[in-house]
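Down below is the structure, laid out as structure tokens.
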Amino acid sequence: MMGRVSAVALNTFRESIRDKVLVTLIIFAVFVMGSARVIQPLALGEEAKIIKDVGLSAITLFSVLIAVLIGGRIVYREVEKRTIYIILARPVRRWEFILGKYLGLMAVLVVSLVVMTAAFIAILFILGVAPQLYLLLAVLATFFELVVLTAVAVLFSTFSTPITGAVFTFAVYFVGHLSRDLKLLAAMSPSPIVKAMSYVFYYVLPNLGNFNIRPEVVYGAPLDPYALLLSGLYALVYAATLLLISATIFNRREF
Amino acid sequence: MSSFPEPVIGVTRLSKVYRSGLRMKRVQALNDVTLEVERGEIFGFLGPNGAGKTTLIKVLMGLSEPTSGTALVLGRPPRDARVKARLGFLPESPYFYDHLTAREFLELAARLSGVPKSEAVGRVTGLLRLLRTERAADVQMRGFSRGMLQRTGIAQALVADPELVVLDEPMGGLDPIGRKEFRDIIVDLRDRGKTVFFSTHILSDVEMICDRVGIVIAGRMVEVGRLSEILTGDVESVEITVRGVTGKTQKILERVSQHSIKSGDELLLTVKNEEDVEKVMAICREVGGIRVVGIAPHRRTLEDYFMEHVAKAGRPS
């Protein structure tokens, strides 16, 4: 079983890593990190923090873009190009295929995170800012966020087109970051419909705010290590649930 | 293996209905199809475009579920993993991963089919040689021509040395040399005891290599049988070429024939059977001065048969 899952994952990894979209996005990310230098005159002595903030934000933004743009078409493309026929005519169970696609894309994201983080540290050195190890915690939190978001992208990819899938995944991303506000809205709204809707969204959509620890890391606010560990567990459970739903949908599909 | 009791493919009263478009229009792709394919035969699945060939193949591959009726492959339901480990499949106009090389792709195919790693490399190299794709083995497939893709597709179908090979329009995109090579591969598979099921609308391929054929038109199976049974070998008509015919004799001869063509000194007559040939000969002897320069019996071809059925199906009932 794991042999087949890893074969699908390796194939997904190879296909994606050779894709121009990935290389372009990573180059862009590095460019954005370096551009933090430009705003230095405005920084009023806070330049080190701004450079760190811009760098970490770029890593998050661009890895999210990779997850959404490549993830949003990851299953769809196999159906559209009919490569799925060749895979599913073999003794591969459909859930193995979904899991393999997901793990392959996660491997691509890990490589992208490593490359972007390495570039970020190099830029810090070049700009004369001492890099601290705990900056990596923010990257780890981003990785947890990608565990969830990639599962969202794969889910949409099993039944919708890449554009619709990308739009929906982005929507989940933005609303997921507004999760705390949704709860507030639910509590304060006088309209029962708005109240109900807000609660549904609050409970169904992932709470992605948990994964943003940049303010703590960059500005030196206290960071709870248990909270980070808990977000990691939350990400795993959430992603596993979404993959289960994806596999169920995919299992019923006809080609 | 030869003691396998049930047919390799068994389809019983199978129908498939699609709903398509916004208005969910009902499309009957297959209608009450029954079919058996036996071990060790080359079965040609014939039909015009849109007849339902690919739909049936998708059901057999477990990619699509029948609306009613049953399909068994190697004695089990098509989605059973034990079935899939023993079959090879080439889809119509196959398309593979742009950024993989042919070798990487075939190794993936081997792994997914459960070929042990130690065997996979040798198997892949052998197939690349057999299909003369060695030169392009380490090139990414996005630059491949249709013919190269088709060859790679055949290689992936054979990589696990399957008992049953299902090929959807395998001759598509191949040049005449490629078609010849491919026919040899199919015949060789049968000689090694494998079963080959392939769909096509190219009749010459079928006539050359198939043991049995099934003809599907507009979703219905109109005939299943040995080619020799379908094409009984009866003479359909006879063409007689004569020289030195005068106007009056021509009229008499034309009365005996189905139709005639006058070209220069020669008159080409088409008659129905041997009896009519005798009549023409008798007239020629009686009149004198007429030379019979050619007699050619015209047997029924698969193409004639095919056209007849298509015409029948196309006619409103």
Side-chain angles (χ1 to χ4, degrees), chain A residues 1-24 70 73-101 103-105 107-108 111 158 247-255, chain B residues 16 18-19 54-55 57-67 73 78-101 104-117 120 140-142 152-153 156-157 159-160 162 164-166 168:
Chain A
M1 175 207 93
M2 277 335 277
R4 292 185 296 268
V5 173
S6 64
V8 173
L10 175 67
N11 178 35
T12 308
F13 179 77
R14 275 180 174 156
E15 266 277 294
S16 309
I17 215 92
R18 292 171 190 171
D19 197 329
K20 281 197 198 84
V21 174
L22 180 72
V23 180
T24 314
I70 298 183
R73 59 179 188 188
I74 201 153
V75 176
Y76 179 85
R77 205 156 79 147
E78 298 247 6
V79 176
E80 188 198 17
K81 301 210 160 177
R82 288 179 291 167
T83 43
I84 192 83
Y85 294 180
I86 291 158
I87 307 292
L88 294 185
R90 306 196 125 78
V92 179
R93 287 175 191 87
R94 294 193 181 182
W95 66 264
E96 292 173 336
F97 175 76
I98 294 287
L99 185 60
K101 292 304 285 182
L103 292 178
L105 183 55
V108 171
V111 170
T158 53
T248 311
I249 293 172
F250 197 61
N251 201 37
R252 289 189 187 167
R253 270 197 74 166
E254 296 201 22
F255 303 101
Chain B
K16 175 74 189 174
Y18 285 112
R19 302 266 168 192
T54 299
T55 304
I57 287 179
K58 279 186 191 170
V59 171
L60 294 176
M61 294 299 102
L63 294 165
S64 183
E65 296 290 326
T67 311
V73 180
R79 274 182 80 167
D80 193 319
R82 284 169 292 184
V83 169
K84 291 179 174 178
R86 290 155 62 196
L87 66 82
F89 172 47
L90 169 72
E92 189 181 3
S93 11
Y95 185 91
F96 311 117
Y97 302 96
D98 274 344
H99 298 289
L100 290 193
T101 69
E104 284 169 342
F105 171 62
L106 292 177
E107 281 173 7
L108 166 78
R111 263 186 87 185
L112 292 179
S113 284
V115 177
K117 238 181 186 170
Q140 287 188 15
M141 290 188 288
R142 64 187 145 161
T152 312
Q156 65 80 29
V159 78
L164 165 66
V165 185
V166 175
D168 197 358

For A:Val8 and B:Leu108, work out which heavy atoms get closest and say how close.
N-CD1, 4.4 Å
Which bit of B:Val159 comes within less than 4.5 Å of chain A, counting heavy atoms only: side chain, backbone, both or neither?
side chain
To the nearest 0.5 Å, tell me how far B:Leu112 CG sits from A:Leu88 CG.
10.0 Å
Measure the shortest side-chain to side-chain distance between B:Lys84 and A:Arg90 over non-hydrogen atoms and say whether it is less than 4.5 angstrom.
no
Within the distance-only criterion (no hydrogens, no angle test), does the side chain of A:Arg82 pair as donor or acceptor with the backbone N or O of B:Tyr95 below 3.5 angstrom?
no
Could you tell me which of A:Ile87, A:Ile84, A:Val92, A:Asn11 has the largest number of non-hydrogen atom pairs under 4.5 Å with chain B?
A:Asn11
Smallest separation among heavy atoms of B:Ala81 and A:Pro91, with atom names:
O-CB, 3.6 Å
Between B:His99 and A:Arg18, which heavy-atom pair has the shortest distance, and what is it?
O-NH1, 2.6 Å
A:Gly3 versus B:Arg111, closest heavy-atom pair with distance
O-NH2, 3.3 Å
Which region of B:Asp98, side chain (C-beta onward) or backbone (N, CA, C, O), has a non-hydrogen atom less than 4.5 Å from a non-hydrogen atom of chain A, or is it both or neither?
both
Using a cut-off of under 4.5 Å on heavy-atom pairs, state which of A:Arg94, A:Arg77, A:Glu78, A:Arg93 scores highest against chain B.
A:Arg94
With chain A, which of B:Tyr97, B:Phe105, B:Phe89 has the greatest number of heavy-atom pairs at distances under 4.5 Å?
B:Tyr97
For the interface with chain A, which of B:Met61, B:Arg79, B:Lys58 has the highest count of heavy-atom pairs at distances below 4.5 Å?
B:Arg79
With respect to chain A, which residue among B:Ala157, B:Ala109, B:Pro162, B:Pro91 yields the maximal number of heavy-atom pairs within a distance under 4.5 Å?
B:Ala109
Strictly below 4.0 Å, N to O, side chains only: are A:Arg14 and B:Glu107 in salt-bridge contact?
no
Quick one: of B:Gly153, B:Ser113, B:Gly62, who has the most non-hydrogen atom pairs under 4.5 Å with chain A?
B:Ser113
Flag the pair A:Glu254 / B:Glu65 as yes when at least one side-chain heavy-atom distance between them is below 4.5 Å, and no otherwise.
yes
Is chain B contacted by the side chain of A:Leu10, its backbone, both, or neither, given a heavy-atom distance below 4.5 Å?
side chain
